[in-house]
Every structure is written in structure tokens, then in C-alpha cells.
Amino acid sequence: MTAHQKHTADESAILKVLTGVYDAWDAHDADAFVANYTEDASAILPGSYRKSRDEIRESMEAGFSSFLKGSTTTNKVLNIRFLNDDAAVVVSETNVIFAGETEGPDDRLAIATWVLTRQDGKWLLAAYQNSPAVVNMG
């Protein structure tokens, strides 16, 4: 397998992990949402720091049963960059579409960073962080 073929296969595997997260959100399934997170994964969102897969699962479960109930997301991968053979950073654009909405407003658009690591031949999410794509400076 050439280096290019290896990266293409790794990119496909990474995209499959992210698709699993997006699909789990749409199904409101907190267990599936964290199925490909490392045990010590972290998630940082504005005003929130979750320090483990269990904390991430618990917060998603709480969200799916309350303010995120009926929500979906839009997601677009902007870049995949390999740090080495077993680590990658993905930058994506995401927006939450709440129940009753047909699209998310621009002021809810976020840019996210995903850090993935290969463990035992499998790509897993080690860290996630997002921030608003548009900052109101006025």
C-alpha cells in the first residue's frame, strides 16, 4: 500500500467515525455518540469542559432529553491533517438545527476541531472543541 493509499484509507476511516457521531446525534443516542471516543476524551464548548467519555455521554444524554430533543446538525469537514501515522486533526463546520427549524442561523454556526488517535488499529476521538464561527464584536 502506498503512502497515498494509506492516507486515503485513514481519511475514510476517520470520516466514518465522524459520521457515526453525526448519526448518533440525529438518533439522540448518547451511547452511540461516544462509542468511538477514548475513555479519557475531552470536549470543550463555550462555557463547558467535559473531561471524560462518561462526562460527554452524560451531558449528551441530558441534552437529548431536554433542549436538544428533536435537533439535528449540519456538518462539513473542512480539513483533515495527519500529525503522524496514529494522530490526526479534523476541522469542521457545524450547526445545530432545533426542532421546528429548517436550518440553523448563521450566528449558531461553529468551527470545530477534532483530535483523533489510532489505538489497536482503530481511529478514536480523543478531543473535541468548538467555538462560534462568527463573533459579534459590537
Side-chain angles (χ1 to χ4, degrees):
M1 180 180 291
T2 68
H4 175 73
Q5 288 170 319
K6 183 176 178 345
H7 273 263
T8 300
D10 287 335
E11 286 177 1
S12 294
I14 287 168
L15 291 172
K16 186 175 179 181
V17 169
L18 297 181
T19 298
V21 172
Y22 306 146
D23 290 348
W25 181 301
D26 291 347
H28 303 104
D29 184 338
D31 292 323
F33 187 87
V34 298
N36 289 310
Y37 277 72
T38 62
E39 192 172 320
D40 62 349
S42 62
I44 301 171
L45 294 88
S48 173
Y49 171 42
R50 299 162 189 150
K51 297 174 260 200
S52 71
R53 179 177 57 210
D54 288 340
E55 281 187 27
I56 296 165
R57 190 199 62 72
E58 289 168 10
S59 66
M60 294 309 297
E61 184 175 56
F64 290 150
S65 66
S66 60
F67 73 99
L68 295 175
K69 191 172 190 165
S71 67
T72 61
T73 61
T74 61
N75 301 283
K76 179 181 176 184
V77 171
L78 303 176
N79 183 272
I80 299 175
R81 180 170 48 100
F82 291 92
L83 305 178
N84 59 44
D85 287 342
D86 296 319
V89 174
V90 177
V91 176
S92 68
E93 184 178 84
T94 189
N95 204 329
V96 177
I97 302 169
F98 289 104
E101 295 179 331
T102 56
E103 62 184 41
D106 289 344
D107 65 353
R108 201 182 304 140
L109 189 66
I111 301 295
T113 302
W114 310 75
V115 178
L116 292 97
T117 182
R118 186 189 339 246
Q119 294 181 0
D120 299 322
K122 182 178 177 183
W123 284 100
L124 298 172
L125 291 161
Y128 173 84
Q129 183 274 329
N130 84 27
S131 61
V134 179
V135 178
N136 183 351
M137 301 298 276

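Keep in mind that the numbers below use all heavy atoms, side chains included, and drop hydrogens, waters and symmetry copies.
Contact detail for Ile111 and Ala133: the closest heavy-atom pair is CG1-CB, 3.7 Å. Closest approach of Glu55 to Tyr49, counting heavy atoms only: OE1-O, 4.0 Å. Residues Tyr22 and Val77 share a closest heavy-atom pair of OH-CG2, 4.3 Å. Closest approach of Pro46 and Pro132 over heavy atoms only: CG-CD, 4.0 Å. Nearest heavy atoms, Phe82 versus Ala88: CD2-CB, 3.9 Å.
Expressed to the nearest 0.5 Å, how far OG1 of Thr72 lies from CG of Asp23 amounts to 11.5 Å. One distance of note links CG of Leu116 with CG of Leu124; it measures 8.0 Å at 0.5 Å rounding. Taking CD from Gln129 and CD1 from Ile44, the interatomic distance works out to 6.0 Å, rounded to the nearest 0.5 Å. Expressed to the nearest 0.5 Å, how far CG of Asp54 lies from CG of Asp40 amounts to 11.0 Å. To the nearest 0.5 Å, atoms CZ (Phe64) and CG (Asp26) are separated by 8.5 Å.
Under a hydrophobic clustering in which Ile, Leu, Val, Met, Phe, Trp and Tyr are joined whenever their side-chain heavy atoms come within less than 4.5 Å, directly or via other members, Trp123 and Val115 fall into different clusters. Put simply, Leu83 and Val90 are part of two different groups of oily side chains (I, L, V, M, F, W, Y) that touch within less than 4.5 Å, one to the next. Residues Val96 and Ile56 share a hydrophobic cluster, clusters being chains of Ile/Leu/Val/Met/Phe/Trp/Tyr side chains in contact below 4.5 Å.
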Considering only distance and modelled atom types, tabulate donor-acceptor pairs under 3.5 Å from the side chains of residues 99-107, sequence neighbours left out.
residue : atom : partner : partner atom : Å
Glu101  : OE1  : Phe98   : N            : 2.8
Glu101  : OE1  : Arg108  : NH1          : 2.9
Glu101  : OE2  : Arg108  : NH2          : 3.0

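Panel note: side chain Thr113, backbone Val91; no donor-acceptor pair is recorded below 3.5 Å. Looking at His28, its side chain never comes within 3.5 Å of a backbone N or O of Met60 through a donor-acceptor pair.
A donor atom on one side chain and an acceptor atom on the other are found under 3.5 Å apart for Asn36 and Lys122. With no hydrogens or angles considered, a side-chain donor-acceptor pair links Asn75 and Thr73 at under 3.5 Å.
Partners of Arg53 by salt bridge (charged side-chain N to carboxylate O under 4.0 Å, His left out), not counting sequence neighbours: none found.
Between Leu125 and the options Thr117, Val34, Val21, a side-chain contact (heavy atoms from CB on, under 4.5 Å) holds for only Val21.
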For this session: Take Trp25 and Ser71 through the test side-chain contact (heavy atoms from CB on, under 4.5 Å) and record every step on the way to the result.
Result: CA-CA 8 Å; Trp25 181 301; Ser71 67; 3.0 Å; yes

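Inter-residue side-chain proximity for Ile80 and Asp10 is flagged as unmet; no heavy-atom pair is nearer than 4.5 Å.
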